[in-house]
A.B. asks: 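My structure is below; once you've seen it, I'll send some questions.
Note that these values count all heavy atoms, side chains included, but never hydrogens, waters or copies made by symmetry. So you know, we letter chains A, B, ... as the sequences are listed, proteins then strands, and number each from 1.
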Amino acid sequence: MPELPEVETVRAGLERVLVGRRFVRIDQRRRDLRFALPERFAERLAGRRVESLGRRAKYILIRLDNGEVLVVHLGMTGRFSVRAPSRRAGGEGIVLGDYVYDHGGDARHDHLVFTMSDGSLVTYNDARRFGYMELVPEAEMEGHPFFAGLGVEPLSDDLTPAYLAARARGRKVDLKALLMDQRIVAGLGNIYVCEALFRAGLDPFKRAATLATKTGKAMPAAVRLVAAIKSVLAEAVRAGGSTLRDYKQADGSLGRFQNEFAVYGREGQRCLRRGCRGTVRRKVQGGRSTFYCPVCQR
DNA sequence: AAAAGCCCCTGGACGC
DNA sequence: TGCGTCCAGGGGCTTT
């Protein structure tokens, strides 16, 4: 599910319900998700107060009052839902990102249920269990394997044409693979890479090295690409991310950016660029689907 | 060191 | 209705 805009949307939603509350009870129903959950997870979390919520790349960072950070990665299908403490009519809950409390899915995949000090219930559901959680002392975050090799935040000033060109210089991979690589730019995934390359008018199969001159300076393509990445992500964050197949009951606070896709999931449909007569194609690239317009992405 | 493949896991859509 | 195949927003690990 989640790339940067979706993770950011979930982070913001959780922030509203977690900050200032303490973990009272941790109902842990499995030993592991993708990886083993932390040793003595419940005991270590119980009684801790949530200070703040942050995000780095596709990780949600839940800062606790003992200097530790609960680091959460949602994988493909990880979701949080929240049931408010007292809700008439049986408590239908709060919507977080593309997630409704009654996820309409499978309680079998409710792997963790946190009871907070205000009585709200926060459930982590993850059908495929590609998600994971870890408790990391704040001081060790930077050097932690999760974070040590991560590339720049795309919405920060660290992502510049010069940076991208320098990282692309001499690389043999194609543009799609470069942008999917979390060590270069952290937080992009299949959807937003496809959309950014479309906006920049760049062929996903073109070599990444073409972003740089021989001396490693930014080519115009790098300038366009950086602008495209930033604009598509910023718009998606504003729209609350994208909601794909999990769209259940319509709800205003679900993600809306899926309605803005220019290429993703639009195989066989007309290119949306003004004046372009092209048709969106899908090709498997690096084991994943790439959607692009062969006419205007060159 | 970089690039390419395989793998993890479950569910939904589709064809027969 | 049932079964097989393909596909899915993640990325780690292994091999070349």
A.B. asks: Do the side-chain N or O atoms of Arg171(A) get closer than 4.0 angstrom to the phosphate oxygens (OP1, OP2) of dA3(B)?
C.D. replies: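 So the side chain of Arg171(A) is within the cut-off, an N or O lying under 4.0 Å from OP1 or OP2 of dA3(B).
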A.B. asks: Can you tell me the distance, in whole Å, between the CZ atom of Phe130(A) and the P atom of dA8(C)?
C.D. replies: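 Answer to the nearest Å: 13 Å.
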A.B. asks: Give a yes or no answer on whether the side chain of Lys230(A) reaches the backbone of Leu159(A) with a donor-acceptor pair at less than 3.5 Å.
C.D. replies: yes
A.B. asks: Of the listed nucleotides (dG11(C), dA3(B), dA8(C)), which one gets closest to any side-chain atom of Lys172(A)?
C.D. replies: dA3(B)
A.B. asks: Which is more 5' along DNA chain B, the nucleotide nearest Ala177(A) or the one nearest Arg34(A)? Just name the residue.
C.D. replies: Ala177(A)
A.B. asks: With rounding to whole Å, what would you report as the distance between dG12(C) and dG11(B) at their P atoms?
C.D. replies: 24 Å
A.B. asks: Quick one: is Arg108(A) getting a side-chain N or O under 4.0 Å of the dG11(B) phosphate, OP1 or OP2?
C.D. replies: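 It does, given that an N or O in the side chain of Arg108(A) lies less than 4.0 Å from OP1 or OP2 of dG11(B).
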A.B. asks: Is any side-chain N or O of Ser289(A) closer than 4.0 Å to OP1 or OP2 of dA8(C)?
C.D. replies: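 Result: yes.
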A.B. asks: Calculate the interatomic distance between Leu244(A) atom CG and dG11(B) atom P; express it in whole Å.
C.D. replies: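 Going from Leu244(A) (CG) to dG11(B) (P), I get 18 Å.
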A.B. asks: Just by modelled atom types, is the Cys276(A) backbone N or O under 3.5 Å from a matching donor or acceptor in the Arg270(A) side chain?
C.D. replies: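 Present.
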A.B. asks: Of the listed nucleotides (dA8(C), dG11(B), dG11(C)), which one gets closest to any side-chain atom of Tyr264(A)?
C.D. replies: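 In terms of side-chain proximity for Tyr264(A), the closest of dA8(C), dG11(B), dG11(C) is dA8(C).
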A.B. asks: Any donor and acceptor pair, going by atom type alone, linking the side chain of Arg256(A) with main-chain N or O of Arg238(A) inside 3.5 Å?
C.D. replies: yes
A.B. asks: Grab the CG-P distance between Asp126(A) and dA8(C) for me, whole Å please.
C.D. replies: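 Taking atom P of dA8(C) as the reference, CG of Asp126(A) is at 18 Å.
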A.B. asks: How far does the C1' atom of dG11(C) sit from the matching atom of dG12(B), given to the nearest Å?
C.D. replies: 22 Å
A.B. asks: To the nearest Å, give me how far apart NZ (Lys176(A)) and C1' (dA3(B)) are.
C.D. replies: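 Spelled out: NZ on Lys176(A) to C1' on dA3(B) is 15 Å.
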A.B. asks: For the residue pair Tyr132(A) and Leu33(A), what are the closest heavy atoms and their distance?
C.D. replies: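 In terms of heavy atoms, the two residues are closest at CA-CD1, 4.1 Å.
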A.B. asks: Using a 4.0 Å heavy-atom cut-off, does Arg183(A) contact any base of the nucleic acid, only the sugar-phosphate backbone, or nothing at all?
C.D. replies: nothing
A.B. asks: Side chain of Met76(A) only, heavy atoms from C-beta on: which candidate in dA4(B), dG11(C), dA8(C) is closest?
C.D. replies: dA8(C)
A.B. asks: Please report the distance, rounded to the nearest Å, between CZ in Arg30(A) and C1' in dT10(B).
C.D. replies: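 In whole Å, dT10(B) C1' lies 11 Å from Arg30(A) CZ.
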A.B. asks: Check the phosphate of dG11(C) against His73(A), side-chain N and O only, distance under 4.0 Å to OP1 or OP2. Yes or no?
C.D. replies: yes
A.B. asks: Between Leu74(A) (CG) and dT10(B) (C1'), how many Å, whole number?
C.D. replies: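 The distance from CG of Leu74(A) to C1' of dT10(B) comes to 17 Å, rounded to the nearest Å.
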A.B. asks: Would you check if there is a donor-acceptor pair between the side chains of Glu6(A) and Tyr192(A) at a distance under 3.5 Å?
C.D. replies: yes
A.B. asks: Send over the distance from Ile184(A) CD1 to dA2(B) C1', rounded to a whole Å.
C.D. replies: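 My rounded result for the distance is 11 Å.
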A.B. asks: Do the side-chain N or O atoms of His109(A) get closer than 4.0 angstrom to the phosphate oxygens (OP1, OP2) of dC9(B)?
C.D. replies: no
A.B. asks: Nearest to the side chain of Asp106(A), heavy atoms from C-beta on, is which of dC7(C), dG11(B), dG11(C)?
C.D. replies: dG11(B)
A.B. asks: Starting from Watson-Crick (N1-N3 plus N6-O4 or O6-N4) and G-U wobble pairs under 3.5 Å, report the runs of at least three that DNA chain B belongs to.
C.D. replies: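 Looking at DNA chain B, the stems formed by three or more consecutive pairs are B:2-8 with C:10-16, B:10-16 with C:2-8.
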A.B. asks: Between Arg282(A) and Ser289(A), does any side-chain donor sit less than 3.5 Å from a side-chain acceptor?
C.D. replies: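 Distance-only check passes for Arg282(A) and Ser289(A).
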A.B. asks: What is the distance, to the nearest angstrom, from the CZ atom on Arg128(A) to the C1' atom on dT10(B)?
C.D. replies: 7 Å
A.B. asks: Is there a side-chain contact between Arg129(A) and the phosphate of dT10(B), meaning an N or O under 4.0 Å from OP1 or OP2?
C.D. replies: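 For dT10(B), OP1/OP2 do have a side-chain N/O of Arg129(A) under 4.0 Å.
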A.B. asks: Examine the side chains of Arg21(A) and Ser120(A) and answer whether a donor and an acceptor come within less than 3.5 Å of each other.
C.D. replies: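 Looking only at side-chain atoms, Ser120(A) and Arg21(A) do not form any donor-acceptor pair under 3.5 Å.
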A.B. asks: Between Ile62(A) and Met141(A), is there shared hydrophobic-cluster membership here, with clusters defined by ILVMFWY side-chain heavy atoms closer than 4.5 Å?
C.D. replies: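 Each belongs to a different hydrophobic cluster.
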